[in-house]
Amino acid sequence: MIDLADLHISRTVTVPVDATKAYELVSDVTRMGEWSPVCKVCTWDEGAGASAGSWFTGKNIAGEREWETRCEVVAAAPGEEIAWIVGGRDDGTTRWGYRFSPVEGGTEIEESWQIVRLHERMAEMTDEQVDKMKERTRTSIEGTLANLGVAMGAGA
């Protein structure tokens with residue numbers, strides 16, 4: 001049986017910009033395709049933006065697989081945190097988030113991924129399939145953070 005506590009990954013990168021600037025860039029999900037190796041495009045619903053309760057659609061590509069996700073912003077504290085749940089807070093399965101912590105010389109950005117509710121297909125996964133999913137996610141997070149680091153280091 002899958003333990004939800006095991007379905008959490010987070011990584012960090014330090015960038016030479018202040019937390020407010022880092023938050024502004026990351027919370028503009030329409031730019032996520034510039035950094036993420038999987039999420040290629042995000043579009044806000046009409047009139048929506050980086051505020052709790054707002055919705056956006058993400059278009060993802062990994063290998064031969066393409067899919068869209070509907071996401072609800074569940075935390076939006078400028079300079080501190082932006083997070084969303086794929087599928088929304090009521091029925092969603094996955095929480096993605098970014099925390100921004102001031103450090104000497106800039107900001108530490110933590111990206112996190114957490115399964116908050118098992119969907120039917122996931123509940124049937126083998127341990128090996130879960131491990132592969134976690135490895136793909138870890139690699140994606142590390143790629144996103146590396147790209148953010150380059151973009152922010154270059155004065156994006």
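- Taken from CZ in Arg95 to CZ in Arg117, the straight-line distance is 13.0 Å, to the nearest 0.5 Å.
- Leu148 and Leu25 fall within a single hydrophobic cluster, where Ile, Leu, Val, Met, Phe, Trp and Tyr are joined by side-chain heavy atoms under 4.5 Å apart, directly or via other members.
- Legend: salt bridge (charged side-chain N to carboxylate O under 4.0 Å, His left out) pairs involving residues 82-92, not counting sequence neighbours, sorted by first then second residue: Glu72-Arg89.
- Here Glu110 pairs with Ser10, Thr12, Arg99 under the side chain to side chain contact (heavy atoms under 4.5 Å, CB included) rule; sequence neighbours left out.
- Atom-to-atom distance recorded for Thr20:OG1 and Glu80:CD is 9.0 Å, nearest 0.5 angstrom.
- When side chains are defined from C-beta on, Val73 counts as touching Phe56, because their heavy atoms get closer than 4.5 Å.
- Residues satisfying the side chain to side chain donor-acceptor pair (under 3.5 Å) criterion with Glu128, sequence neighbours excluded, are Lys132.
- Val86 and Ile115 fall within the same hydrophobic cluster, defined by Ile, Leu, Val, Met, Phe, Trp and Tyr side-chain heavy atoms under 4.5 Å apart, directly or through other members.
- In this structure, the separation between CD1 on Ile109 and OG1 on Thr144 is 11.0 Å, given to the nearest 0.5 Å.
- Inter-residue side-chain proximity for Trp113 and Lys134 is flagged as met; some heavy-atom pair is nearer than 4.5 Å.
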Next on the checklist: With side-chain contact (heavy atoms from CB on, under 4.5 Å) as the criterion, how do Thr93 and Leu118 come out once you've worked through the C-alpha distance, each side chain's angles and the decisive distance to 0.1 Å?
Outcome noted: CA-CA 6 Å; Thr93 59; Leu118 292 177; over 6 Å; no
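- Contact of the Trp96 side chain with the Ile141 side chain is registered, since non-hydrogen atoms from C-beta on lie closer than 4.5 Å.
- Taking OG1 from Thr139 and CD from Glu135, the interatomic distance works out to 4.0 Å, rounded to the nearest 0.5 Å.
- How far CG of Leu145 is from OH of Tyr98: 6.5 Å, rounded to the nearest 0.5 Å.
- Atom CD1 of residue Ile9 and atom CE of residue Met133 lie 7.5 Å apart, to the nearest 0.5 angstrom.
- Annotation for Val15 and Ala22: closest pair CG2-CB, 4.5 Å, computed over non-hydrogen atoms.
- For Gln114, the side chain to side chain donor-acceptor pair (under 3.5 Å) test picks out no residue, with sequence neighbours left out.
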Exercise answer: donor-acceptor pairs, residues 36-54 side-chain atoms, under 3.5 Å, sequence neighbours excluded:
unit_1: Ser36; atom_1: OG; unit_2: Val38; atom_2: N; d: 3.1
unit_1: Ser36; atom_1: OG; unit_2: Cys39; atom_2: N; d: 2.9
unit_1: Lys40; atom_1: NZ; unit_2: Pro37; atom_2: O; d: 2.8
unit_1: Asp45; atom_1: OD1; unit_2: Arg70; atom_2: NH1; d: 2.7
unit_1: Asp45; atom_1: OD2; unit_2: Arg70; atom_2: NH2; d: 2.9
unit_1: Ser51; atom_1: OG; unit_2: Ser54; atom_2: OG; d: 3.0
unit_1: Ser54; atom_1: OG; unit_2: Gly49; atom_2: O; d: 2.8
unit_1: Ser54; atom_1: OG; unit_2: Ser51; atom_2: O; d: 3.2

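- Sorted by first then second residue, the salt bridge (charged side-chain N to carboxylate O under 4.0 Å, His left out) pairs that include residues 54-66, not counting sequence neighbours, are Lys59-Glu68.
- The backbone N or O of Arg136 lies less than 3.5 Å from no partner atom in the side chain of Ser140, so there is not a single donor-acceptor pair.
- A continuous path of hydrophobic side-chain contacts links Trp35 to Trp84 [ILVMFWY only; heavy atoms under 4.5 Å].
- When all heavy atoms of Val13 and Gly149 are compared, the closest pair comes out as CG2-CA, 4.4 Å.
- Contact annotation: the side chain of Ile82 approaches that of Val26 to within less than 4.5 Å [non-hydrogen atoms, C-beta and beyond].
- Note: the hydrophobic cluster containing Trp55 does not contain Val29 (ILVMFWY, side chain heavy atoms under 4.5 Å, direct or indirect links).
- Taking the side chain as every heavy atom from C-beta outward, Phe100 and Asp18 never approach each other to under 4.5 Å.
- Looking at Met152, Glu104, Glu108 one by one, the single match for side chain to side chain contact (heavy atoms under 4.5 Å, CB included) with Thr14 turns out to be Glu108.
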